[in-house]
Amino acid sequence: MIEMKLALRNLARQKKRTILLGGAIAFGIMVITLVNSFTAGAEYNVKENFSYLLAGHIYVEEQIRRDDDKVVLLFEHPQVVEETLAEIGIDARSVMRRSAYQGQFIFSGRSADQTVQGVNWERENALQERMILLEGQLEDIISDPSAVVLSEQVARRLGAEIGDELIVRMSTVTGQQNVGSLVIRGIMQDPGLLGSISAYAHLEMVNSHINIPVDSYQALHISIDRFTQVDMLTDQLHRALGERAAVAPRISQQDVAVTSTSLVYQDDESEPWTGSRFSVTNINDYLGQIEQISSALTITGMVILLVLIAIIMVGVINTFRMVMYERVKEIGTMRAVGMQRKSVKRLFLWEACFLALFGYLAGVVLALGVSAVIGFFPIPLENPFSLFTQSGIITFPIQLGSLAVNFLLITVLTVCAAWFPARKAARMDPAAALRATA
Amino acid sequence: MTNQTLEELAVGFVTLQDVHKVYPLGKTEVHAVQGVSLDIQEGDFISIAGPSGSGKSTVLNMIGCIDVPTKGSVILDSQDTKTLKDREITSLRHRFIGFIFQSFNLIPVLNTYENIEFPLLLARKKLSQREWIEHLIEEVGLKDWISHRPNELSGGQRQRVAIARALVTKPRLVLADEPTANLDSDTGEKIIELMKRINREQGTTFIFSTHDQDIVQIADHVIRLLDGKIAEEQRRGQ
Ligand SMILES: Nc1ncnc2c1ncn2[C@@H]1O[C@H](COP(=O)(O)OP(=O)(O)O)[C@@H](O)[C@H]1O
Ligand SMILES: [Mg+2]
């Protein structure tokens, strides 16, 4: 107790030094706390943003190999999947049917390439919620079978407005060139993600453009409530589906890429197959690169922290060595009066401990302050960096685990740095200490 | 004489037997104390006198077990201190001895009350004994300075705090190394008188060193050191 009291008072006694050293600790902790929170926030936001773009988190496709060896995406056996989904307890309401193609819009001599997503508007709740319509009404979109919703950027590039009819060129699932027409019923704010975004049309219209039955679809997109369950559910679905039909092996992350905003089939030569099979993928398969980026960020943060800690440790060692010499006489006095060696040592260790604690708390408070301030400056949505944000706002969710680890790390290391000076102080010969002129 | 020594040894309150202290100094050595033997009775009020460099501090430090003799032995409370571990010596100091220093040596971050309380908080049973501390503060005349820190006190006041601190554990022996050297002669005399009064009233043994002749006179028993040897020993009323 007396050691703690003296430790606190001694810290207060050398305010400048305490502030400098505590400030260094605070700065290190601030940086690492920001990096940790930013990384976690960015990872979450990227997934959120992609789940919007890709519509859902788990994707099921039926791949059909035709006689000419071409692979076509088309659900010919939807009931197998529907039964499996019901069996593992996935709510039909969280399942969306989609078809898509790469199309070229043409309007008054200008053109723009777009992925055209065929959606069932009534069932696409997430899409309805997150799509920000700048012009047009949802009812008009739903009621017009040839309606298309374009992003502001694409509409501007085409010089087209609400009500304009566009020519659109695409190829069918069998590779034949086809032409159709769509009417702009909505212009949405460009989320700016990946620069290009899908256009949205009715599922039936898209099906007819790619020449598959109008009531069919190419992919099932499943939304789930908890990201953390994505991989588990995907594997469960893959296994259950595998018991009923042929399935493509689960792909590893490096095999997939997000091209624009649609999933693409990449033929895997290693395992030849014929007929039809299902593929089950999820958002994490496509976001492997994102996780790589975020782990790179975390490692960078750790390296920064370690460098800062190394600097701080040197500072702590030097300071405590200095402190020891400054307080030689005091130590001698305390020893003469009957303070045990281990008490003297504890005195210094508590001082280090409190220093670390104050530095840590200040660092966390600083980090919270800085994150709040950064929150006031949204990233423009055109900026590709906005992919990491929540509607342009960089988020810093508090990471309790990292906070605890950082606290332990900084405290243990500071106490370790003070250990040798503290031991030296404790072992000092009291007579020599009392003779010291300091 | 021999018989008397043996008798006193049996008591063994404070006994020094042919104590030597050699300090290394560069390539040579300083023979700071050369064969000092002493026997001190409980309740004595003793002055160790001698010029600067005569070995007063060294002798006091060895009596107080903050320094160890190169040769010879120091017996405190019937224990040969040579045989004790640092932990035991520290607790012997804590229990048995109070220290008063030339430059007061108060703990700067503690106020008057806390400085006096400090040794009590080092004990295993941490009883703070408020009334006793307040009594001591009154005794040394610092009632109005109870929550001042050392840097707000005069030299005389600081030495009073130090005296109260030395007495707080009710030690049987108080060692004071030139307690008046940093005080003007009036204040110094008052400090010695305060120590003398406590010695009379409570029977606490005091050993103080000084090179001031006027102050030496107050002691009952004077040991004069010269070049690390006892040059003269005087007992009043003998
Ligand atoms: N740590 C030390 N190293 C070397 N010499 C010392 C040391 N301490 C004391 N001395 C020497 O021992 C002698 C006695 O010193 P000291 O006991 O302090 O005398 P006094 O207190 O009477 O002035 C002096 O010559 C002093 O220089
Ligand atoms: Mg001296």
Next on the checklist: Under a 3.5 Å distance rule, please check whether B/Arg93 uses its side chain to pair with a backbone N or O of A/Val337 as donor and acceptor.
Outcome noted: no
_Quick check on A/Arg13: does its CZ atom have over 12 non-hydrogen neighbours (other residues, nucleotides or ligands) under 6.0 Å away?_
yes
Quiz item: Around atom CG of B/Leu38, are there more than 12 heavy atoms of other residues, nucleotides or ligands at under 6.0 Å?
Solution: yes
Heaviest contributor of heavy-atom pairs below 4.5 Å to chain A, chosen from B/Asn61, B/Asp86, B/Val68, B/Asp67, is B/Asp86
If you define the side chain from C-beta out and look only at heavy atoms, does anything of A/Leu434 sit under 4.5 Å from B/Asn105? yes
If one checks every heavy atom of A/Gln340 against chain B at 4.5 Å, the contacting part turns out to be both
A/Leu6 and B/Ile107 have their tightest heavy-atom pair at CD2-CG2, 3.9 Å
Honestly, the part of B/Phe104 sitting under 4.5 Å from a heavy atom of chain A is neither
Of A/Lys342, A/Glu3, A/Lys5, the largest count of non-hydrogen pairs under 4.5 angstrom with chain B goes to A/Lys5
Most contact-rich option vs chain B, by heavy-atom pairs under 4.5 angstrom, among A/Ser343, A/Gly338, A/Ala12, is A/Gly338
Under a 4.5 Å cut-off applied to non-hydrogen side-chain atoms, are B/Pro119 and A/Met339 in contact? no
In short, B/Phe99 meets A/Ala336 closest at the heavy-atom pair CE1-O, 3.2 Å
Just wondering, more than 12 heavy atoms not from B/Asp227 lying within 6.0 Å of its CG? no
Surrounding CZ of A/Arg341 (heavy atoms of other residues, nucleotides or ligands, distance under 6.0 Å), is the total greater than 12? yes
Margin query: Distance alone, cut at 3.5 Å: any donor-acceptor contact between the side chains of A/Arg435 and B/Thr58?
Written below: yes
Does either side chain, that of A/Arg335 or that of B/Thr90, offer a donor lying less than 3.5 Å from an acceptor on the other one?
yes
If one checks every heavy atom of B/Leu92 against chain A at 4.5 Å, the contacting part turns out to be neither
When the 4.5 angstrom heavy-atom criterion is applied to B/Arg95 and chain A, the contacting part is neither
*Flag the pair A/Thr333 / B/Arg165 as yes when at least one side-chain heavy-atom distance between them is below 4.5 Å, and no otherwise.*
yes
So, the part of B/Gln102 with a heavy atom under 4.5 Å from chain A: the answer is neither
